[in-house]
Structures are given as structure tokens and as C-alpha cells.
Amino acid sequence: MARAQRKPINYMRHLISIADLTNEEIEEIFALADEAETLRAGKPASGHIMATLFYEPSTRTRLSFESAMQRLGGSVISCSDMKASSTAKGETIADTAKVVSSYADILVVRHHWDGAVQAMAEQADVPVVNAGDGSHEHPTQTLCDLYTLRKEKGEIKGLTVVLCGDLKNGRTIHSLVYALARFGAHVVTLAANGMALPHYVIERLERDYGYALTPVAADALGAVVTETDALYLTPRQPHQLALFTQVDQVIQARLNTLATGLRYDAFYMTRKQKERMNDSSTDSGYPTIGRDFLRERRFQDTVVMHPLPRVDELSPEVDKDRRGIYFKQAAYGVPVRMALLKFLFDRRTQKRSAVKRQTISYESPERLGPQCRNPNCVTLKEPVSSARRFELRLPGQDDALILTCSYCDHRFKVQFAGNVKSKRYYFFDGALAPTLDEWLRNGDLALFDSIKEAEELGYEPFKSGPQRMLMGDAEIRNALAEMSEQILRDCRDADRLLILGVRSAGSHLAQRLAAEIEKRCKRKPEVGEVEIYGSGEEVRRLSPADTDAGALNLKDREVILVDDVIFTGRTVKSALSIIFRSARPQSVRLAVLIDRGHREVPVKPNYVGKHIPSSEEDRVRVRLRELDADETDQVVIYSIVNSSEKGRKLERQPGAASTK
Ligand code: CP
């Protein structure tokens with residue numbers, strides 16, 4: 001099947017993400033919602049048709065949209081069951097969007113794939129509204145949530161909202177947390193075990209809205225909400241625990257004060273999104289709100305919200321209490337969606353771009369190129385209806401080359417960059433960033449997920465300056481042995497020890513450290529890894545590998561975070577952020593094979609294999625036999641002498657190793 005022709009992005013005024021609306025536009029929609037009865041009398045949608053395409057079940061979103069359209073004087077066409085539509089015959093979402101957009105003036109779409117609504121919007125000739133796409137976003141629910149908060153509490157700025165439950169898969173949460181940040185609210189996250197806010201969401205909160213993340217003492221909230229640890233997201237960045245490698249007494253005390261000093265304005269509860277989980281991940285405990293919550297004096301003015309439907313995480317006892325406002329929240333769905341429809345109809349003729357953040361867009365000029373790693377992304381589920389398009393963040397020195405999928409927002413790291421004219425590919429290096437920027441502007445930048453991909457397209461490897469060996473096989477072995485002894489000397493309780501590597505070189509070193517520790521104390525500590533740029537589990541078990549061992553538990557553990565090289569400290573900072581979001585370890589100490597002695601963030605390793613002071617131009621690579629069977633263990637240093645194409649001496653360089 002031929003690839004569907006794509007329209008320029010944002011040709012039409014769609015609502016796919018909450019980022020498609022400015023704060024002022026949201027306020028404008030709320031002002032319209034306040035006048036819903038006047039709107040109704042004016043019948044502004046008279047003669048217009050709305051099509052609802054719901055590939056997933058819905059009560060509130062679908063019916064409130066349909067009610068809103070009818071109250072505005074418009075009419076509705078729909079498929080009662082998408083399985084009874086031509087989808088069942090294999091019609092693509094792109095074709096469906098194209099066809100139905102010629103029958104209606106606006107499409108409201110819900111789909112189970114992340115990014116599916118964006119893909120449909122690219123084909124539609126009328127505005128498309130995202131009524132929920134996979135685990136990604138649910139922007140109109142967020143409009144209802146913000147409207148409810150505003151009605152109940154007045155200004156959103158300065159409120160503290162506790163987001164509770166399945167923060168990983170809950171699309172309402174993702175849209176809401178961005179909106180709360182934009183309106184200047186404080187956010188406390190209380191995630192169910194293994195359902196923490198994804199790192200790509202946290203990273204965007206930090207990068208786009210200047211939010212910082214701080215763990216809050218669990219017992220500050222634990223009295224009323226069980227099974228969880230809390231995190232505090234705040235625009236003021238008072239404490240950045242994620243930058244410390246040790247949870248010491250002083251910081252803990254400060255955090256306790258912070259937590260008890262908080263005024264909680266709203267609890268936003270969510271159900272476990274079972275439909276997005278595999279069966280094995282549905283059995284652990286889940287936070288609940290009930291009578292205990294209502295009895296607590298400090299929550300006497302805390303409203304309880306829920307996007308609904310609820311399962312058993314929110315007791316019906318709360319229904320009768322004045323603080324339980326979730327049915328009101330659902331009822332606001334009609335005036336808010338009336339206002340949104342009016343807002344979008346008024347802008348039909350404005351072919352202006354939405355307000356999404358300014359980014360560099362990247363599409364591979366080659367037939368092969370990077371693929372989103374989110375298995376539920378539309379680009380993997382139905383490639384013909386989408387493009388492999390990404391936002392590209394060009395890194396600073398020693399940072400990674402990160403792509404963000406334009407459909408689902410998941411981020412991942414790319415290691416190989418090539419030039420389409422010279423047909424050379426490079427193992428990515430921060431020093432290449434200005435060159436890559438130039439290639440990107442000229443349309444010459446080709447990115448690859450693997451060497452195989454580059455070589456299949458006829459690219460040849462590029463090699464930078466001469467290399468010098470800094471550590472050989474024996475020295476690396478001795479360094480790991482020495483570090484394992486130091487770790488055991490500092491360890492308070494070997495049963496609590498957990499060795500956690502930063503994927504991927506750090507993971508291998510973590511396994512080796514664990515083996516050294518086993519030699520010395522006759523018991524092998526548990527080993528896991530942290531995935532900083534992935535789209536799956538951020539913390540996972542490596543050993544013991546048997547499935548009976550269950551998910552890796554970080555709570556109250558003595559964690560040794562392991563990486564190959566520390567340079568700017570940013571990688572370690574991200575890993576610490578993930579650890580503290582996952583649970584509350586007793587302590588985290590940092591072990592690195594190489595410390596390059598330059599830091600942009602205040603992270604200090606506790607155990608170092610070798611100190612190698614080196615300039616920013618130097619590159620240090622740790623080669624491990626686990627990463628490449630043809631390699632022996634060694635650490636090498638080399639320079640990027642000239643990042644331009646001209647005048648470079650080319651020589652062959654094996655690629656699969658870690659470079660920092
Ligand atoms: N809140 C929400 O999206 O509800 P429905 O799934 O019933 O539409």
C-alpha cells in the first residue's frame with residue numbers, strides 16, 4: 001500500500017495536545033463555558049456536523065461532546081462501534097480520517113494508539129479533536145479539570161494538586177500535569193507501584209516549564225493514601241534532591257517540613273489503566289481514597305477529583321461529602337466542550353499554526369532511519385498512516401542526541417549520525433553538535449538506530465583522531481575489585497544492597513561489581529538497570545533474572561548506582577531522578593569506572609576506578625566485551641580535532657561502545 005500523502009503539520013486548527021492551546025485561549029474557552037446558556041440560545045453550530053469516531057469505549061467524552069454539539073444547534077454523525085466500520089476490513093486510520101472529514105465539519109476521535117489522532121489530523125480537511133489517544137494525552141478532559149478547579153478554588157496559580165494512581169498510563173494525567181505547570185500550580189505525584197510519571201513527561205516539565213522534582217516524605221500522605229511514595233513538582237526549585245547522591249538526615253528533615261507544610265488543594269485520583277497493561281502487571285497494590293481521607297483535618301478543604309470511570313480506588317463514601325466533586329467535574333464536560341467547539345468553529349478559516357513549542361523537526365532523508373521505541377506508537381502500529389517524524393534536540397557537549405516522536409512524545413537516544421553527501425557515518429559525539437546542526441539545515445543529516453542500518457544504505461564509518469589506551473583489561477578488573485571492597489566497607493546491611501547500572505555500559509559494570517561482591521561476601525546482591533532514554537520500564541531487574549523475583553524494589557535499599565564515565569554529571573542526575581521517582585531508597589551511592597573531573601551539576605561519585613582529568617575536546621570510551629564480542633576491555637581517549645568534514649583523515653572505527 002502506498003504511503004498516505006501528508007498535509008503540512010498544523011494546516012488546520014486541531015486540538016491534539018494541551019500544548020495546542022495557549023493559557024489565554026484556555027481562559028477564553030472558560031469564559032465561553034461560563035456563558036453556555038447564552039451560547040445555546042445563539043445556536044452557533046447550526047448547519048454544522050460533528051463526526052465522533054471512538055475506537056475505544058467512552059461514556060463522558062463522547063456523550064458530552066455529542067450533547068454539546070446538539071445544544072449548539074449542530075448535528076452529530078457517528079459509528080456506534082468502530083469494529084462495525086470499515087476498520088474491520090482493514091481500512092487505515094488515515095483513509096478513515098480523509099473520508100469522514102468530507103462528511104463532517106469537525107472530527108472528535110478517540111483511539112487506543114498513542115499519536116493516532118495526530119496521524120488522522122494530518123489527513124483530515126476539517127479540525128480534529130483528540131478525545132484520548134492511548135496513554136498519551138486527553139486535552140479536553142484537562143479543560144474540564146482546569147475549569148472545575150477554577151470554579152472550586154478560583155485561581156489555579158499557586159494551588160497544590162496531588163495526582164494519584166496510575167500516572168504512567170493515565171493520559172488525563174499527562175495533559176493535566178503540563179497544564180498545571182503552565183498555570184503555575186504545584187504538583188505532588190503519588191504514583192501506584194511501578195506507575196510513576198514517565199521520565200519523558202518529567203523531562204518536559206523540567207525543560208519547558210522550569211519545574212523541579214522533589215521526593216516528599218511518604219508518611220506525610222501515607223496516612224490516607226496507601227501503597228505510594230510522593231514526589232513534589234514545583235516551579236520554585238527549592239530543593240533538588242535529585243542532585244544529591246545521598247538522602248541524608250538534614251535533607252530528609254527539610255523534606256518532611258516541606259511536606260507537612262503543604263496545603264493540599266485537590267486530590268486527583270485515577271483508576272488503574274488495566275487495558276494498557278499486560279496481565280502480569282495488574283496485581284500489585286493500588287492507592288485508594290475513602291473514609292480515612294475524609295477524617296483528616298488537614299484535608300478539610302481538599303477537593304477530590306477523578307476523570308471517571310472509577311473502579312475501586314475511590315470509595316462511594318466520598319460521593320456524599322462536599323469535597324467529592326467528580327460528578328460536577330463530569331457535568332462541566334458539556335459547557336466546556338460547547339465552548340471548545342465554538343472556539344474551534346470561530347477559527348476554521350484561520351489556517352494558523354497551533355501554539356506547540358518551537359522545535360526542530362527531523363525526518364530521515366533516507367529510506368531507513370530511527371524508529372520510535374514506544375511499541376504503542378501509531379508510527380509502529382500503522383506506518384502507512386504516519387511518518388517517522390521527530391523533534392530533534394541538538395545536544396551540548398557530551399550530551400546525548402535525543403529524538404522525541406512527533407506523534408507520541410516518547411524520547412529516545414540515537415547513536416549514529418551520517419552525512420547524506422559524504423555517505424560517512426559517525427558514532428555520535430557532543431563535539432559534533434554544531435556540524436550536525438549545519439547538516440540538518442542543509443537537509444544532509446541522516447540519523448541511524450544502528451551501524452547495520454547505515455551500512456545497508458552504503459554509508460562508511462568515520463574515524464576521528466588517534467586513540468590512546470588509558471586502562472587495560474587487568475586494570476579495569478582491579479579497579480572493580482577495589483570498588484567492590486569499598487562498597488562492602490560502607491555497606492550497613494548487605495541484604496539491602498542493590499547494584500543499579502545505567503544502561504548499557506553501566507549495567508554490565510554493575511553485573512561485574514555484583515560478581516566481585518559475591519566473591520567477598522558469598523551472596524550476590526540484586527542487580528538492576530536504569531534506562532534513561534527508553535520508552536519502556538525505566539528501572540528493571542537484571543539478576544536474579546527469574547520472573548518469580550518480581551519487580552525490582554528500591555524502597556529502603558542501599559543503592560549503588562553504577563556508570564562507566566562521569567563527565568558533566570547530567571546522565572547521573574537523570575538516573576537519580578528516575579530512582580527517586582520509583583521509590584525511596586535508604587541511600588544512593590555512586591560508583592564510576594572513570595571520573596573525568598568536570599561537572600555541570602553537583603554530583604560526586606563515592607567510588608571511582610580511575611580519575612582521568614580531560615579537556616572538553618577529549619572523548620573517553622569504555623569498551624567492554626559484553627558490548628562487542630570482538631573487543632577486549634579497555635578505556636581509550638581520543639580527540640575530535642576538527643568537526644567539519646574537510647581535512648579529516650578517515651580510518652575505520654568500531655562503533656558499539658560507550659562514549660563520554
Ligand atoms: N473521563 C473520560 O474520558 O471518560 P470516558 O472514558 O467515559 O469518556
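First listed ligand is number 1; within each ligand, the first listed atom is number 1.
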Student: Find out whether the Lys NZ or Arg CZ of R204 is both under 6.0 angstrom from the six-membered ring centre of Y178 and within 45° of the ring's axis.
Tutor: yes
Student: Touching ligand 1 at all, E56? Heavy atoms, strictly under 4.0 Å?
Tutor: no
Student: Between F390 and F412, is the gap from one ring center to the other below 6.0 Å?
Tutor: yes
Student: If we ignore angles and hydrogens, is there a donor and acceptor under 3.5 Å between the side chains of S64 and R337?
Tutor: yes
Student: For ligand 1, which atoms sit closer than 4.0 Å to a heavy atom of T59?
Tutor: 5 (P), 7 (O), 8 (O)
Student: How far is atom 6 (O) of ligand 1 from the closest protein heavy atom, and which atom is that?
Tutor: R110 NH1, 2.9 Å
Student: With respect to P307, determine whether any N or O atom, backbone or side chain, lies less than 3.5 Å from an N or O atom of ligand 1.
Tutor: yes
Student: Enumerate the atoms of ligand 1 whose separation from the nearest heavy atom of L308 is less than 4.0 angstrom.
Tutor: 1 (N), 2 (C), 4 (O)
Student: Between E35 and K342, is the closest basic N to carboxylate O distance under 4.0 Å?
Tutor: no
Student: Does the N or O separation between R62 and ligand 1 drop below 3.5 Å for any pair?
Tutor: no
Student: Please list the nearest protein heavy atom to atom 4 (O) of ligand 1 with its residue and the distance rounded to 0.1 Å.
Tutor: R60 NE, 3.1 Å
Student: Just by distance, no angles: are the side chains of T270 and R310 close enough, under 3.5 Å, to form a donor-acceptor pair?
Tutor: no
Student: Would you say the ring centers of Y268 and H306 fall short of 6.0 Å from each other?
Tutor: no
